[in-house]
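Data block below; observations after.
Numbers here simply count residues along the sequence, with the first being 1.
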Amino acid sequence: MKKDTLVNHPPEVSLPPDNHPLVAPIYQSVKFSFGDTGETLRYLRGQREGFFYSRSANPTLQQLQLLLAQLQGRDDCLLTGSGVATVAASLLALCKQGDHILAFVESYGPTRYIVQHLLAKFGVAHTLLSIEDLPGIERVLRDIPTRLVVFESPTNPVTKIADIEHMTAHTRRAGALTVLDNTFAGFHNHGAYDVDIFLHSLTKYASGHGDVMGGAIIARGELIAQMRKDVSTMGPTLDPHAAFLIQRGMRTYFLRYERQCANALACSLFLRGHPRVKQVHYPGLDSHPQHLLARRQMSDFGTVVSLELDGGFEQGARFADALQYFAIAASVGSTESLVMPPQLLAGNEYTREQRAASLITPGTVRLSIGVEDAADLIEDLGQALDKAY
Ligand SMILES: Cc1ncc(COP(=O)(O)O)c(C=O)c1O
């Protein structure tokens with residue numbers, strides 16, 4: 001073997017069968033070989049196990065798929081390169097021309113875009129309601145044949161809580177599917193409800209460190225089987241190295257989430273008592289309008305806190321600029337705290353009624369609470385409020 005051949009066929013190292021790494025290796029390989037044509041054909045016909053091409057299946061991804069499906073209490077999982085890819089891929093795979101989708105004003109902006117613009121191009125109709133409009137949800141599901149209902153809880157940024165039992169019961173009765181973007185609540189919440197498909201942005205709590213993007217579609221086996229071919233052919237696959245980093249992040253998922261929730265409650269209690277804060281949106285506060293519903297549905301209350309500042313854009317920007325430990329940045333769920341001042345919160349595309357339902361005002365500021373020391377965060381919030389006025 002000449003050296004230029006050798007570098008393309010490097011020596012193989014295999015482990016003895018009784019010698020295991022404690023962390024699974026990253027299978028950073030696009031291709032897997034069976035050694036002969038017969039076995040390759042058997043694999044492609046579904047007659048044997050194995051891997052062939054990483055766009056469709058990869059062992060590093062499979063470990064993460066199994067873990068996330070188990071945590072969410074469902075059979076199977078598909079991984080994508082970002083959270084929004086789960087929305088686009090699952091909705092495109094499940095809908096066809098002439099279908100109708102029920103979606104919500106309070107949903108993540110790109111999810112509304114996918115429903116209102118992307119799917120509309122292919123003849124999929126939709127109705128947009130407020131997540132609090134329970135009679136409207138009943139009416140639409142009774143009167144309009146509907147393929148699926150896509151929703152979130154808690155919502156972004158003002159942490160409204162969807163009534164999941166109401167949603168799933170009426171959706172099931174209508175013969176439609178529920179798709180719950182469960183990113184904010186986490187894998188450990190909502191699994192007991194009759195939700196058909198869970199979506200997660202793994203960019204947030206799963207990775208946890210703000211250094212990798214990913215998404216997961218989690219559902220019972222039959223639904224994943226229905227979507228698998230379409231999703232893998234659209235090609236939004238997660239890279240094995242990203243899957244490895246997310247798998248590593250998952251080791252501390254519960255520790256981080258628990259600490260972030262405790263910090264979020266401490267910060268929201270402080271903010272509630274501050275004279276310049278008109279309102280605090282955090283489901284863990286007994287003053288939150290859906291606190292009891294949140295208590296019933298979730299084992300904790302999430303890590304996002306929003307507040308209504310006395311004033312508007314100017315005070316919001318001054319407050320955000322003065323914070324020392326909260327970076328002005330998009331996203332939520334990482335170890336570090338973040339702030340979004342009112343002028344950076346989405347919603348420019350809302351009609352007047354939709355904006356009113358969204359509860360986003362010129363004084364709304366979103367905080368994503370990290371794992372720092374709670375007393376430091378509270379002190380920082382206090383000094384920034386002083387500076388803002
Ligand atoms: C609820 C929710 N779903 C989906 C996404 C999209 O995730 P990604 O940024 O990984 O595409 C986000 C991102 O902010 C989100 O907040």
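In the hydrophobic clustering, where aliphatic and aromatic side chains (Ile, Leu, Val, Met, Phe, Trp, Tyr) are joined below 4.5 Å either directly or transitively, L15 stands alone.
Linking Ile, Leu, Val, Met, Phe, Trp and Tyr residues whenever their side-chain heavy atoms come within less than 4.5 Å places V280 and L367 in a single cluster. Hydrophobic cluster membership differs between Y193 and F301, with clusters built from Ile, Leu, Val, Met, Phe, Trp and Tyr side chains linked at under 4.5 angstrom.
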Output side-chain donor-acceptor pairs under 3.5 Å for residues 223-237, partner residues at least two apart or in another chain, one line each.
unit_1 : atom_1 : unit_2 : atom_2 : d
R228   : NH2    : D76    : OD2    : 2.9
T233   : OG1    : K229   : O      : 2.6
T237   : OG1    : R55    : O      : 3.1

Identify every side-chain donor-acceptor pair in residues 242-249 under 3.5 Å, counting partners at least two apart or on other chains, and give the distances.
unit_1 : atom_1 : unit_2 : atom_2 : d
Q247   : OE1    : L64    : N      : 3.3

Return a table of donor-acceptor pairs under 3.5 angstrom between the side chains of residues 93-104 and protein atoms on other chains or two or more places apart.
unit_1 : atom_1 : unit_2 : atom_2 : d
K96    : NZ     : D99    : OD1    : 3.2
D99    : OD2    : K96    : N      : 2.8
H100   : ND1    : T146   : OG1    : 2.9
H100   : NE2    : T127   : N      : 3.3
H100   : NE2    : T127   : OG1    : 2.7

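Using the six-membered ring where Trp is involved, Y253 and Y257 have ring planes that are tilted, between 30° and 60° apart. A parallel orientation is assigned to the rings of F34 and F52, their planes being inclined by less than 30° (bins at 30° and 60°).
With S334 contributing its side chain and E336 its backbone, the two residues share no donor-acceptor pair below 3.5 Å.
A salt bridge does not link R296 with E165: every distance from a Lys NZ or Arg NE/NH1/NH2 to an Asp or Glu carboxylate oxygen is 4.0 Å or more.
Applying the ring-ring contact (aromatic ring centres under 6.0 Å, His included) criterion to H166, with sequence neighbours excluded, gives H170. Applying the side-chain hydrogen bond (donor to acceptor under 3.5 Å, both in side chains) rule to R276 yields the partners D310; only residues at least two apart in sequence or on another chain are considered.
Aromatic ring centres of F198 and H190 lie farther apart than the 6.0 Å criterion allows.
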